[in-house]
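Written below as structure tokens is the structure these notes are about.
Per chain, numbering begins at 1; letters A, B, ... match sequence-line order.
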Amino acid sequence: MRTAFIPGANLSKGEIPLILRTHYSGEIRPEMDGSEVTLAGHVHEIRDLGGICFLVLRDREGLAQVTVLTKRADRNLVETVRGVSRESVVLVRGRVKAEPKAPNGFEILPEAVEVLSRADSPLPLDPTGKVGAELDTRLDARFLDLRRPTSMAVFKIESAVMRSLRNTFYENGFIEVCTPKIVATATEGGTALFPISYFEREAFLNQSPQLYKQMLMATGLDRVFEIGPIFRAEEHDTRRHLNEAISVDVEVSYADHEDVMSLLENAVSSAYRYVSESCERELRILGVELDVPKTPFRRITYTEALEMASDSGKKSMEWGDDIDTETEHYLGSVIGEHYFLTDWPSSVKPYYTQPYDDKPEICKGFDLMHPTMELASGAQRVHDYDLLVSRIKEKGLNPESFEFYLKPFRYGMPPHAGWGLGLARLVQTMLGLENIRDAVLFPRDRRRLVP
RNA sequence: GUCCGGAUGGUGUAGUGGCCUAUCAUGAAGCCCUGUCGAGGCUUCGACCCGGGUUCGAAUCCCGGUCCGGGCGCCA
């Protein structure tokens, strides 16, 4: 009986009509007593007390109690409400009643209830959260897991984070770009790539937009950013690695590593501030109190970090080693806030990292660290063609396979710097999520390819 | 890849050789109930990851496998 419902939205120009609903439940206030509304969403719970029956409807913005006085209400309506299964999709038209005994101080007295889609039973997990579910179970039924307010809140916050990052970039004169994810080179060095079949040739999923965003510096675009997927075929098995991740990448011409570190700390700090201001409800649902990290973040050189680590009494690291996980955790526990690790040995960082002129054994590369893990890494890049070629050779790579990348460096390449930031790690650390999979809608790891 | 731990109804769990035709909660089906808000009460339904082995007897012990969680490694 679709005709029972009259979409009541008064649309302003450009607004998307709410086809069936007039309000989200979070928009209803006790002061709206008497007004007619149409809600749409999933059946969160039904509590049938006999003479009175409560149907709790859940939508993106909250819960609304629909109250049916079973002896007085329309018989068909009572049958519909009593017969509907949990998590079915329903449309409810009715009047708002201010009611102190109801949650949030209001309830809906329904005039019509329509079941738009009936949910099967039993459910693969309990979306009300009364009974827990393990991560694996939740990911197998992610669509249902995301109906749990705690799971949904993470992704509302992630959206706010992306929005804030984009704001920061646009405010600083950046242009958003999209670089290819299907690439020909397997020889960037380091990480394993996913090979794919590309007509008669072999191709790969890109591990990073690094080479492309650098090439864009030769176009005069000057300041670019990209938020997009990266793919790594490493068989890692940790709670902070996935084989597909979203990377927030920037590249800036006429800038050095200090300039882009400053951009990075401001972007991160602003994201925290924006989330704390715009996602109060989500933070409350998650029980998270955000401390906006103060800028500037501490700078610690690689060499200082090694000295701090030697105080810990742990097995000592040699200068020139990459910093291992144990040391990383130790430093995090001592420092206790975001910090930059700077002035790395040139041997540890990629070939495109600019060495210091006066001390070429160290370079202008940096990592942004959260006390628990690395969030981002960046550098001032090598923009001199000859230096770049010799650095590629030093790393044991063949410059010929980088011809497409090296070419722009011969025709006017400005000095430039940039970084790449892991979006899910930023959200994971911001919200204190134990596993990065909690911060990704449909995570891809060594074993999980579905859903 | 490696080390440690784990796998019991749809979900989350108890259960260290016989007391287990397996506990509790949630759920589902049915009944009672006019203010629930993790509603309550009564009845019913539904499970020991797979394959070998030990034993009179295995959810429980052993071996192999699969999968899951955590640590490390890998991750320029």
Pairwise [atom1] distance for [N] and [M], with rounding to whole Å:
{"N": "B:rG6", "M": "B:rA22", "atom1": "P", "value": "25 Å"}
{"N": "B:rU13", "M": "B:rU26", "atom1": "P", "value": "16 Å"}
{"N": "B:rG9", "M": "B:rG5", "atom1": "C1'", "value": "24 Å"}
{"N": "B:rG46", "M": "B:rC4", "atom1": "C1'", "value": "34 Å"}
{"N": "B:rC62", "M": "B:rG71", "atom1": "P", "value": "26 Å"}
{"N": "B:rC49", "M": "B:rU44", "atom1": "P", "value": "26 Å"}
{"N": "B:rG51", "M": "B:rU66", "atom1": "C1'", "value": "11 Å"}
{"N": "B:rA14", "M": "B:rC19", "atom1": "C1'", "value": "15 Å"}

Nearest to the side chain of [X], which nucleotide is it out of [options]?
{"X": "A:E99", "options": "B:rU26, B:rG73, B:rG35", "value": "B:rG35"}
{"X": "A:D237", "options": "B:rC72, B:rA28, B:rA76", "value": "B:rC72"}
{"X": "A:L69", "options": "B:rC67, B:rU34, B:rU11", "value": "B:rU34"}
{"X": "A:P103", "options": "B:rU11, B:rC37, B:rC68", "value": "B:rC37"}
{"X": "A:D324", "options": "B:rC68, B:rG73, B:rG35", "value": "B:rG73"}
{"X": "A:I52", "options": "B:rG71, B:rA76, B:rU34", "value": "B:rU34"}
{"X": "A:T238", "options": "B:rU36, B:rU34, B:rC74", "value": "B:rC74"}
{"X": "A:Q65", "options": "B:rG73, B:rA76, B:rG35", "value": "B:rG35"}
{"X": "A:P350", "options": "B:rA76, B:rC37, B:rU11", "value": "B:rA76"}
{"X": "A:E234", "options": "B:rG69, B:rC74, B:rG35", "value": "B:rC74"}

Record whether the side chain of A:E107 comes under 3.5 Å of the base of B:rG35 through a donor-acceptor pair of N or O atoms.
yes
Would you check if the distance from the ring center of A:F169 to the ring center of A:F225 is below 6.0 Å?
yes
Ring centres under 6.0 angstrom apart (A:F402, A:F409)
no
Base-pairing mate for B:rG69 - Watson-Crick or G-U, with both contacts under 3.5 Å:
B:rC4
B:rA28 - base-pair partner by Watson-Crick or wobble geometry, distances under 3.5 Å
B:rU44
Ring pair (Phe, Tyr, Trp, His ring centres under 6.0 Å), paired with A:F366, selected from A:W419, A:F297, A:F340, A:W344
A:F340
Taking only side-chain nitrogens and oxygens of [X], does any of them come within less than 4.0 Å of OP1 or OP2 of [N]?
{"X": "A:N104", "N": "B:rC37", "value": "no"}
{"X": "A:R72", "N": "B:rU34", "value": "no"}
{"X": "A:K130", "N": "B:rG12", "value": "no"}
{"X": "A:R86", "N": "B:rG27", "value": "no"}

Want to settle it: does A:S347 or A:S121 sit nearer the 5' end of RNA chain B, counting the closest nucleotide to each?
A:S121
If you find the nucleotide of RNA chain B closest to A:R239 and the one closest to A:D136, which residue's nucleotide is nearer the 5' end?
A:D136
Whole angstroms only, please: what is the [atom1]-[atom2] distance between [X] and [N]?
{"X": "A:L433", "N": "B:rG70", "atom1": "CG", "atom2": "P", "answer": "12 Å"}
{"X": "A:E235", "N": "B:rC72", "atom1": "CD", "atom2": "P", "answer": "18 Å"}
{"X": "A:K101", "N": "B:rU34", "atom1": "NZ", "atom2": "P", "answer": "14 Å"}
{"X": "A:L125", "N": "B:rG10", "atom1": "CG", "atom2": "C1'", "answer": "9 Å"}
{"X": "A:D48", "N": "B:rC32", "atom1": "CG", "atom2": "C1'", "answer": "10 Å"}
{"X": "A:F54", "N": "B:rU36", "atom1": "CZ", "atom2": "P", "answer": "7 Å"}
{"X": "A:F402", "N": "B:rA76", "atom1": "CZ", "atom2": "P", "answer": "13 Å"}
{"X": "A:M373", "N": "B:rG73", "atom1": "CE", "atom2": "P", "answer": "14 Å"}

Could you tell me if the side chain of A:H383 sits less than 4.5 Å from the side chain of A:P414, heavy atoms only?
no
Pairwise side-chain contact, A:D59 with A:R21, heavy-atom cut-off 4.5 Å (strictly under):
yes
Ignoring hydrogens and geometry beyond distance, is a side-chain donor-acceptor pair present between A:T179 and A:K181 at under 3.5 Å?
yes
Indicate whether the side chain of A:D324 and that of A:T327 have a donor and an acceptor atom separated by less than 3.5 Å.
yes
Just how far is it from atom CE of A:M430 to atom CG of A:L375, taken to the nearest 0.5 Å?
9.5 Å
Would you mind classifying the nucleic acid contact of [X] as base, sugar-phosphate or nothing, using non-hydrogen atoms under 4.0 angstrom?
{"X": "A:K349", "result": "sugar-phosphate"}
{"X": "A:V348", "result": "sugar-phosphate"}
{"X": "A:H329", "result": "sugar-phosphate"}

